[in-house]
Every structure is written in C-alpha cells, then in structure tokens.
Amino acid sequence: MSKILVTGGTGFIGSHTVVELQNEGFEVVIVDNLSNSNIDVLNGIEKITGIRPAFENIDCVDYVSMDRMFEKHKDIQAIIHFAANKAVGESVEKPLLYYRNNLVSLINLLQLMPIHKVKNFVFSSSCTVYGQPDILPVTEDAPIKLAMSPYGNTKQIGEEIIHDTIHSNPFYRSIILRYFNPIGAHASAEIGELPNGVPNNLLPFVTQTAIGLRKQLSVFGDDYNTPDGSCIRDYIHVVDLAKAHVLAVKRLLNEDANTNVETFNLGTGRGLSVLEIIETFEKVSGVKVNYKIVGRREGDIEKVWADPTYANEVLGWTANETVEETLRSAWVWEQNLAKRSKSE
Ligand code: UD1
C-alpha cells in the first residue's frame, strides 16, 4: 500500500481527495496547520471511509518540522500539495503573506524530497494562470497571461519553480493540475466547503444566502460580453476533481508512464454564467435566492472554461457529475451544517 502525503488535507479539495485516496487503498498522511480548516474534518473522513488518516499539525513553511515529519512517516511515495492561501482579494492586501506561504512551502517540499527519497509531486494550480484566454475552451498550451493578483502569481511562479527544479534534476516527477471552479460536497454530506467568515466564492455565498445566513447575494456585473451579461466559469464537482488526483498519483507511481512534468486542465468543458448557476440552484433546491446585480468585481475574468481532452486522453479522467447534482450536493451540505450548528 503506497503512502501519500497530502498537505492541506483538511481543506476543501484536500479532504475530498483524502477520501478518494483511502477508498482506493492508499495510506494517507495529512499535514495541515488548520489555518483555514477544522480538525473535525478528520471525523468526516473517518465516517465515510472507516479510516482515520494520520495527521500532523504543521505549517509547511516550517522546514525543520517538515523534515522531522518525513523522518517520522518513512517511505512516502508521493506528495499532493494543496496547502496554500487562496483568497484573491486578500492576496492583493497581503501580498507578502501569499508569496511567503505559497512559495516557501513549495520550495521546502521540493528541497526535502530528494533528502527523503520522495520522487513524485502533484501540484495544485489554477485556471487563473490563463487570465482571459483568447481562445475558448482553453487548452494547456494556451499562453500564460500576466497574473491579475499576487495569489495568481504564486500559482504561475509555483509552476515555474517546479519546471526549473525538474530541469535541474531529473530525479523528480511532477503533475501540475490546473483547477477550474470547484464546487459541491461529498454525497454523504460529511465533508464539504467550510469558508472562514464571509465567503469570497460564488457557491458558498449562494448556499449561505439560500439558508438565510446572508441577506443578499451580489452578482458582480451583468454587462459582460456573454449571452446574459454575467461572467462564465467552468464549475466542477469537487469529488470529480478529487478523483483526478488519484489518477495523477497512479500515473506518477507507474515508472513507465510519466515524463518529468505534465500539466492538465481539470474542468468539465462546459461554461455556465453566474445567473445560470443561480437559476439552476433555485430549481434543484426549491429555494429562491435573494440576489442583486451590482458593479463588476475588480480582477474578474469575463469567461473561461476548460478543454479537458488532454486529462481524458492521458489520465483517463472525465468529470461525470451534472451541474444539477453538484449544486444539490452543495445545498445538502449547507443544510447539514445548519443542523449541526443548531444542535451544538
Ligand atoms: C477565483 C480565482 C481562482 C481561484 C478561486 C479560488 C481568478 C481569476 N480566479 O476564481 O483562480 O482558484 O478564486 O478562490 O483569480 N461572483 C458573484 N458574486 C459573489 C461571488 C462571485 O457574482 O458573491 C461571481 C464572480 O464575479 C465570478 C463567479 O461568480 O464571475 C465565480 O467567482 P468565484 O467563485 O470567486 O471564483 P473565481 O473568481 O472564478
């Protein structure tokens, strides 16, 4: 049974990935400093899979503690590195926090890998590296545009750091995954998205408005060059996304398969507007969402959706869930959270 290190494993995408890894028989070690997640997530993972993953409360920026962690958990075969800050707006206000947390943690892991004989590395990147693509759907070889935020820049620089490191030392093997917009929750409603404070992202704001935690959802702009004027994104079920990580790890572990570094888009291939998301959510939940059109949000891209062909051909991966099912899962999760907080 291969042992996989998952940094940020109690976070939104991380926790769903841990479940899929354990379901496939991998042994998981989570490293997370709980800065944007909750230790209770481990209970959710255990309820779903019957296995409580090993957990280390460590900040990946702390080189010495990470070194000790590798000493303690010997024979790690691959790393999936989720641990990072991800709020675009906050990154504009606190750029050094983002550069430090997102880049130092990456550098630490890459430095520690050869010392502890870990070859394989999966990196969480983002469609943000494409900016506003000239051609849609966007493929992996589309040009990288100037980053719109320090957060986006950490993903671009992170990808470059991986390429340079592998170029200097062919010991490493890496898969870079560019996520589009992950939403939804596990079908069990034991784990899901747990944003801290007021959500920045669309879906948690929609579900929190529907349940009455927020008065009104602001729709940022209806004057874009899109059919209904609101922005278009490629919303992907977090469980579909999680499954791609298992396939990426399997590919890295297969010595024959991988070249040194490969990059994949993880999206559905389908673009939906903000207003279409709200409308579909209302249909599946039966709840009206109180929303108001307001001005554009600075830094938003007009439209982007993935061409996921390469991930399909090479990883054998496709996004299977419908948007209806995805939105329903997010709603069931939000209702479950409300029940839990009432009973506390
Ligand atoms: C952003 C980042 C992405 C990052 C993700 C994670 C960019 C271009 N994108 O995605 O790289 O991985 O955050 O945090 O940097 N919206 C509203 N009202 C709201 C919230 C959002 O109308 O209250 C709209 C936005 O204008 C956008 C869409 O919903 O059109 C999706 O927004 P959001 O969920 O924040 O994700 P992105 O900005 O696409």
Side-chain angles (χ1 to χ4, degrees), residues 1-34 37-60 62-84 105-106 108-124 171-177 186-188 190-192 238-258 262 264 266 315-317:
M1 185 164 55
S2 299
K3 198 188 285 181
I4 314 296
L5 169 64
V6 181
T7 75
T10 53
F12 176 42
I13 310 174
S15 58
H16 289 81
T17 300
V18 170
V19 165
E20 297 306 318
L21 285 168
Q22 293 193 159
N23 282 345
E24 292 278 319
F26 288 100
E27 183 183 344
V28 174
V29 179
I30 294 178
V31 164
D32 202 304
N33 67 353
L34 302 175
S37 61
N38 195 302
I39 191 76
D40 294 343
V41 167
L42 296 178
N43 298 332
I45 294 171
E46 189 175 0
K47 271 194 193 151
I48 298 168
T49 63
I51 303 163
R52 198 171 182 85
F55 174 77
E56 299 288 347
N57 186 340
I58 299 173
D59 186 335
C60 298
D62 178 351
Y63 182 92
V64 174
S65 299
M66 287 301 285
D67 191 22
R68 274 193 216 122
M69 187 284 306
F70 279 107
E71 285 294 332
K72 179 173 166 192
H73 298 278
K74 294 219 183 304
D75 298 326
I76 286 170
Q77 309 274 301
I79 300 170
I80 308 180
H81 181 43
F82 292 106
S105 61
L106 172 64
N108 282 348
L109 286 166
L110 291 171
Q111 282 189 322
L112 286 162
M113 283 170 68
I115 299 171
H116 296 279
K117 311 219 166 16
V118 186
K119 278 198 236 177
N120 302 308
F121 191 74
V122 179
F123 181 62
S124 299
F171 163 81
Y172 296 94
R173 293 141 60 86
S174 178
I175 287 182
I176 294 171
L177 299 175
H186 194 266
S188 64
E190 293 291 348
I191 54 172
V238 65
V239 173
D240 276 332
L241 197 66
K243 287 178 177 163
H245 292 75
V246 178
L247 293 169
V249 163
K250 285 184 176 168
R251 181 164 171 82
L252 288 170
L253 293 177
N254 174 1
E255 294 282 336
D256 301 331
N258 186 250
E262 293 175 308
F264 297 99
L266 296 182
L315 293 177
W317 175 84

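Because the structure is a prediction, the values reported are computed rather than measured. We number each residue from 1, following the sequence as shown.
The distance from the OG atom of Ser15 to the CG atom of Asn38 is 11.0 Å, given to the nearest 0.5 Å. With values rounded to the nearest 0.5 angstrom, Ile76 atom CD1 is found 4.5 Å from Met69 atom CE. To the nearest 0.5 Å, the span separating CD1 on Ile58 from OG on Ser65 amounts to 5.5 Å. For the atom pair Ile115 CD1 and Asp67 CG, the distance stands at 6.0 Å (nearest 0.5 Å). Within the model, atoms CH2 of Trp317 and CG of Leu241 stand 6.5 Å from one another, a figure rounded to the nearest 0.5 Å. Note that the CG atom of Leu34 and the CG atom of Asp40 stand 10.0 Å from one another [nearest 0.5 Å].
Listed by first and then second residue, the salt bridge (charged side-chain N to carboxylate O under 4.0 Å, His left out) pairs involving residues 3-16 amount to none (not counting sequence neighbours). Sequence neighbours left out, the pairs with a member in residues 70-84 that pass salt bridge (charged side-chain N to carboxylate O under 4.0 Å, His left out) are Glu56-Lys72, Glu71-Lys74.
When side chains are defined from C-beta on, Val41 does not count as touching Asp32, because their heavy atoms never get closer than 4.5 Å. Looking at heavy atoms from C-beta onward, Val238 lies out of side-chain contact with His186 at the 4.5 angstrom threshold.
His116 meets the ring-ring contact (aromatic ring centres under 6.0 Å, His included) test with Phe70; sequence neighbours excluded. Every side chain to side chain contact (heavy atoms under 4.5 Å, CB included) that Asn33 has, sequence neighbours left out, goes to Ser35, Asn57, Asp59. With sequence neighbours left out, the salt bridge (charged side-chain N to carboxylate O under 4.0 Å, His left out) criterion links Lys47 to Glu190. Lys250 is linked by a salt bridge (charged side-chain N to carboxylate O under 4.0 Å, His left out) to Glu24, counting only residues two or more places apart in sequence or in another chain. For Gln22, the side chain to side chain contact (heavy atoms under 4.5 Å, CB included) partners two or more places apart in sequence, or in a different chain, are Val18, Val28, Ile45, Thr49, Ile51, Pro53. Remark: Phe12 pairs with His16 by the ring-ring contact (aromatic ring centres under 6.0 Å, His included) rule, at least two apart or across chains. Qualifying side chain to side chain contact (heavy atoms under 4.5 Å, CB included) partners for Ser2, counting only residues two or more places apart in sequence or in other chains: Ile4, Phe26, Gln77, Leu253. Under the salt bridge (charged side-chain N to carboxylate O under 4.0 Å, His left out) criterion, Glu20 pairs with no residue at all, not counting sequence neighbours. Scanning for salt bridge (charged side-chain N to carboxylate O under 4.0 Å, His left out) contacts around Arg68 gives an empty result, with sequence neighbours left out. Listed by chain and number, the residues in a side chain to side chain contact (heavy atoms under 4.5 Å, CB included) with Phe171 are Pro114, Lys119, Asn169 (sequence neighbours excluded).
A pairwise comparison of heavy atoms in Ser105 and Ala83 identifies OG-O, 4.1 Å as the closest pair. Between Arg173 and Leu252, the shortest heavy-atom distance links the atoms NH2-O, 2.5 Å. Contact record, Leu177 with Ala248: CD1-CB, 4.4 Å, taken as the closest heavy-atom pair. In this structure, Thr17 and Phe82 approach most closely via the heavy-atom pair OG1-CZ, 3.4 Å.
When the options Ile80, Leu21, Ile175, Val6 are evaluated for a side-chain contact (heavy atoms from CB on, under 4.5 Å) with His245, the one that passes is Ile80.
Checking side-chain atoms of Thr10 against main-chain N and O of Ile39 turns up no donor-acceptor pair under 3.5 Å.
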### Message
Under the criterion side-chain contact (heavy atoms from CB on, under 4.5 Å), I'd like the reasoning laid out for Asn120 against Met113: C-alpha separation, chi angles, the key distance, then a yes or no.
### Response
CA-CA 8 Å; Asn120 302 308; Met113 283 170 68; 5.8 Å; no

